[in-house]
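Each remark here refers to the structure printed beneath this line.
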Amino acid sequence: MYLCDDISIEFTRQPGMGAPVWRGRADSGAHLRSFADSARRTGARISAIWGSDLRKGGGGFRLHCVFGVEAGHAWLSLDLSADAPSFPDLADIFVAANRMQRATRDMVGIAIEGGDQRPWLRHGGWPADWYPLRHDAGAVPEFANEPTDYDFVKVGGEGAHEIPVGPIHAGIIEPGHFRFSVVGERVLRLEQRLGYQHKGVERLFIGADLARGAKLVGRVSGDSTCAYAWAYADAVESACGVEPPPRALALRALMLERERVANHLGDLGALGNDAAFAFGLTQFFALKEQWVRVNQALFGHRFLMDCIVPGGVAGDIDADGLTAIVEQCTTIGVELAKLRNLYDEHSGLQDRFATTGIINSDLARELSLSGMAARATGILLDGRAHRQGYTPPPPYAALGVRPATDERGDVAARVAVRFDEINESLRLLRQIAVSLPVGAIRAELAPVAGGSGLGVVEGWRGEVVVGVEFDVEGRLARVHPHDPSWQAWLALEHAVLRDIVPDFPLINKSFNLSYSGVDL
Amino acid sequence: MIPLLRHIFRTGILTEPSQDVEAGAQRELDRLQGEILHVLGRALTIREVDAGSCNGCELEVHALNNPYYNLEGRGIKFVASPRHADMLLVSGPVTKNMQNALLRAYECTPDPKLVVAIGDCGCTGGVFGESYASCGKVSNVIPVDVTVPGCPPTPLDLLRGILTAVARQK
């Protein structure tokens, strides 16, 4: 199959039960660029970029690019030389490629031909010519951890000044640095510098077994543990040619929807709080607490960590458990309707939400945005739902997911989409609970030497992508987890531009992006 | 306004001398809570520092503020600046890229400068351990008074850890 009519790259569909992935190879950097260019013109998004070192097996380096296309995802690989690996800059085609390329360069040592050359994940904690994901990297050479300056883009003009924020922020959130350029209260530019959460996750995967890999991937971004564990499981199962039993797939969806509801409930409360409506925080956090306590009672973990494993799920649920889930969906649904009414009727709250932090659908497409934030600009993109030319993976194909959208693109839209998505998830949970297939919850699985696979899951923020490669001994050679926040961080830089500095916390919370998920 | 007040009234007080805590532990919590006032003579203020976590620990720190655990009702509150804090609540592992920021936050914190390291990663380095990018456990970077293991630790474990650190100050 050719995904772009004018580019001669043949794609074949990867086996497995996960979201549809099409694999192909580019012959050269120019070939990759022409595919990217053609894909961009047909409305594709850049989903992920990473590199791997294949020199151990006698090869060179390899660059992986994943594009979100109509039929699903196109996974394009490009082989690079062992001596002087480099790849063409794609950031002029896909803006979101910029930071992913720089991270690839920092981690694997593949040069970017032109474009932005600033380091991204490396802040000075290790030497510039030492690359953690090279198989022969060894220990870090003796080196002082001295933070380097970052070359932020300067905004000039009379009265323009900078406000540096972070890495430690005022609230209980992850660290990152925001550099605002302002005139008075008006934000002229926001530039982020992330990477503070970089704890070397990708290197830990190298040589790990499947169980250790599952443990690690579930801790890439704790609030999305189900999405990562499922995407990793999809990738591993595709590589090993194993299909998890139907009951396992349904239980995975049940957990993923519970994760979505938990996070949306928390965000709705926090959004109220950031608009000085503490009532919202109290009410929604109470609902979230009730929600995660049921997780603890049924699955043994409040946030469902380590519940989804390669081959299936770790634990089963009985009839009483299913009844508890259905009953809770009803009670939470009733409370949610009341709270939504109170939010909608509160003029002070709506005044802060409406027309704040706007991004439109053109910008969302330009930035390859996915997930909740993209749907809040009116884009009907949800990996769980049918669309022209795309069939979602089981069990979603049979559930008939109705994606929530709102065309306003502001904080109010992201609030509305969260409310709608909770309601849809409650419906899905009831449906899964009453129609849960019987049978096994886990399939036997053995790693396949040299195998590889890609998993894509629609998490609560957006699409979570995990690429997996095995070495010749059947251990993990490379795992790359990709968070939807990579793209959404760019959207936040734009969303704040028409607003004033005090609106930033509210706008930031309306996206609630992961730092750990992109810093790895 | 009236629907809002009605909703608050109907919700009632959710704060529980938690059903999950056995009676003895609850008495201990109450006693420790009294000691906060005795030791500090006022509310305990905490600066939470995420020095490299997966954000799982932060989910539970947030939960401490929900009406079920009602942290502020126990005379404990989170503050924005380490200069206003009695205690640092630090999740880990401490990344190389956060090492300096954590050290500076510690230096800025006035005495008694209590430090509680939370989560398996904060206590031991956890699944991430020590590496080219990670300094591992919090105590590898700053002195730690109390550790609260768990992945992530439950809100009650966190509460117990916070109160224990205060009690040790006596």
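Heavy-atom basis, side chains included; hydrogens, waters and symmetry copies ignored. Chain A is the first sequence line, chain B the second, and so forth, proteins listed ahead of strands; every chain is numbered from 1.
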- Sidechain N-carboxylate O distance under 4.0 Å for Glu107(B), Lys113(B): no
- Over 12 foreign heavy atoms within 6.0 Å of CD1, Ile13(B): no
- So what's closer than 4.5 Å to chain A heavy atoms on Arg6(B): side chain, backbone, both or neither? neither
- Message: Quick check against the 3.5 Å criterion: does Ser516(A) have a side-chain atom that pairs as donor or acceptor with the backbone of Val220(A)?
- Response: yes
- Toward chain A: residues of residues 139-153 of chain B with heavy atoms under 4.5 Å: Cys151(B), Pro152(B)
- Query: Side chain, backbone, both or neither: which part of Phe78(B) has an atom under 4.5 Å from a heavy atom of chain A?
  - Reply: side chain
- Query: Do other residues, nucleotides or ligands put more than 12 heavy atoms under 6.0 Å from Arg118(A) CZ?
  - Reply: yes
- Query: At a heavy-atom separation under 4.5 Å, does Asn65(B) approach chain A through its side chain, its backbone, both, or neither?
  - Reply: side chain
- Heavy-atom side-chain contact between Phe284(A) and Asn273(A) under 4.5 Å: no
- Note on the structure: Minimal heavy-atom distance between Asp53(A) and Leu133(A), with the atoms involved, is CB-O, 3.9 Å
- Message: Given 3.5 Å as the limit, does a donor-acceptor pair link the side chain of Gln192(A) with the main chain of Gly176(A), or not?
- Response: no
- Task: Would you please say whether a donor-acceptor pair under 3.5 Å links the side chains of Ser514(A) and Ser485(A)?
- Result: no
- Item | chain B contact via Lys215(A) - side chain, backbone, both or neither, heavy atoms under 4.5 Å | side chain
- Any chance the rings of Trp126(A) and His198(A) have centres within less than 6.0 Å? yes
- Item | Asn97(B) (side chain) donor-acceptor with Gly195(A) (main chain) under 3.5 angstrom | yes
- More than 12 heavy atoms of other groups within 6.0 Å of Asp136(A) CG: yes
- Query: Taking Leu102(B), Asn70(B), Leu14(B), Asn66(B) one by one, which has the highest count of heavy-atom pairs under 4.5 Å against chain A?
  - Reply: Asn66(B)
- Given Glu345(A), Lys288(A), His346(A), His301(A), the one with more heavy-atom pairs under 4.5 angstrom with chain B than any other is His301(A)
- Query: What part of Leu121(A) gets closer than 4.5 Å to chain B, counting heavy atoms only: side chain, backbone, both or neither?
  - Reply: backbone
- Parallel under 30°, tilted from 30 to 60°, perpendicular over 60°: which one fits the rings of Phe277(A) and Phe279(A)? tilted
- Task: Measure Leu4(B) against the heavy atoms of chain A and call it side chain, backbone, both or neither at under 4.5 Å.
- Result: both
- Task: Let me know if Pro93(B) has heavy atoms under 4.5 Å from chain A in its side chain, its backbone, both or neither.
- Result: side chain
- Task: Could you tell me which of Gly56(B), Ser131(B), Ser134(B), Gly52(B) has the largest number of non-hydrogen atom pairs under 4.5 Å with chain A?
- Result: Gly52(B)
- Note on the structure: The interface call for Ile172(A) against chain B, heavy-atom contacts under 4.5 Å, is both
- Message: My understanding is that only residues two or more places apart in sequence, or in another chain, count here; which of them pass ring-ring contact (aromatic ring centres under 6.0 Å, His included) with His169(A)?
- Response: Phe178(A), Tyr515(A)
- Task: Select, from Met305(A), Glu146(A), Arg302(A), the one with the greatest count of heavy-atom pairs under 4.5 Å involving chain B.
- Result: Arg302(A)
- Message: Using heavy-atom distances under 4.5 Å, tell me whether Tyr343(A) contacts chain B through its side chain, its backbone, both, or neither.
- Response: neither
- Query: More than 12 non-hydrogen atoms from neighbouring residues, nucleotides or ligands closer than 6.0 Å to NZ on Lys137(B), yes or no?
  - Reply: no
- Non-hydrogen atoms of chain A under 4.5 Å away: do they reach the side chain of Val94(B), the backbone, both or neither? neither
- Message: As an exercise: rank Met1(B), His7(B), Gln99(B), His62(B) by heavy-atom pairs under 4.5 Å with chain A and give me the winner.
- Response: His7(B)
- Contacting region of Arg219(A) [heavy-atom separation from chain B under 4.5 Å]: both
- Residue among Arg122(A), Gln296(A), Glu335(A) with most heavy-atom pairs under 4.5 Å to chain B: Glu335(A)
- Please determine if Asp223(A) and Arg461(A) form a salt bridge, counting it only when a charged side-chain N lies under 4.0 Å from a carboxylate O. yes
- Note on the structure: If one checks every heavy atom of Val49(B) against chain A at 4.5 Å, the contacting part turns out to be side chain
- Please answer whether the main-chain N or O of Gln197(A) pairs with a side-chain N or O of Glu174(A) as donor and acceptor at a distance below 3.5 Å. no
- Query: Under a 4.5 Å heavy-atom cutoff, which of Ala270(A), Pro132(A), Gly125(A) has the most pairs with chain B?
  - Reply: Pro132(A)
- Cut-off 4.5 Å, heavy atoms of chain B, and the answer for Gln283(A) is side chain
- Message: Given heavy-atom pairs under 4.5 angstrom as the criterion, report whether the side chain, backbone, both or neither of Arg212(A) touches chain B.
- Response: side chain
- Interface moiety of Arg104(B) toward chain A, non-hydrogen atoms closer than 4.5 Å: neither
- Query: Got a sec: does the NZ of Lys338(A) have more than 12 other heavy atoms crowding it under 6.0 Å?
  - Reply: yes
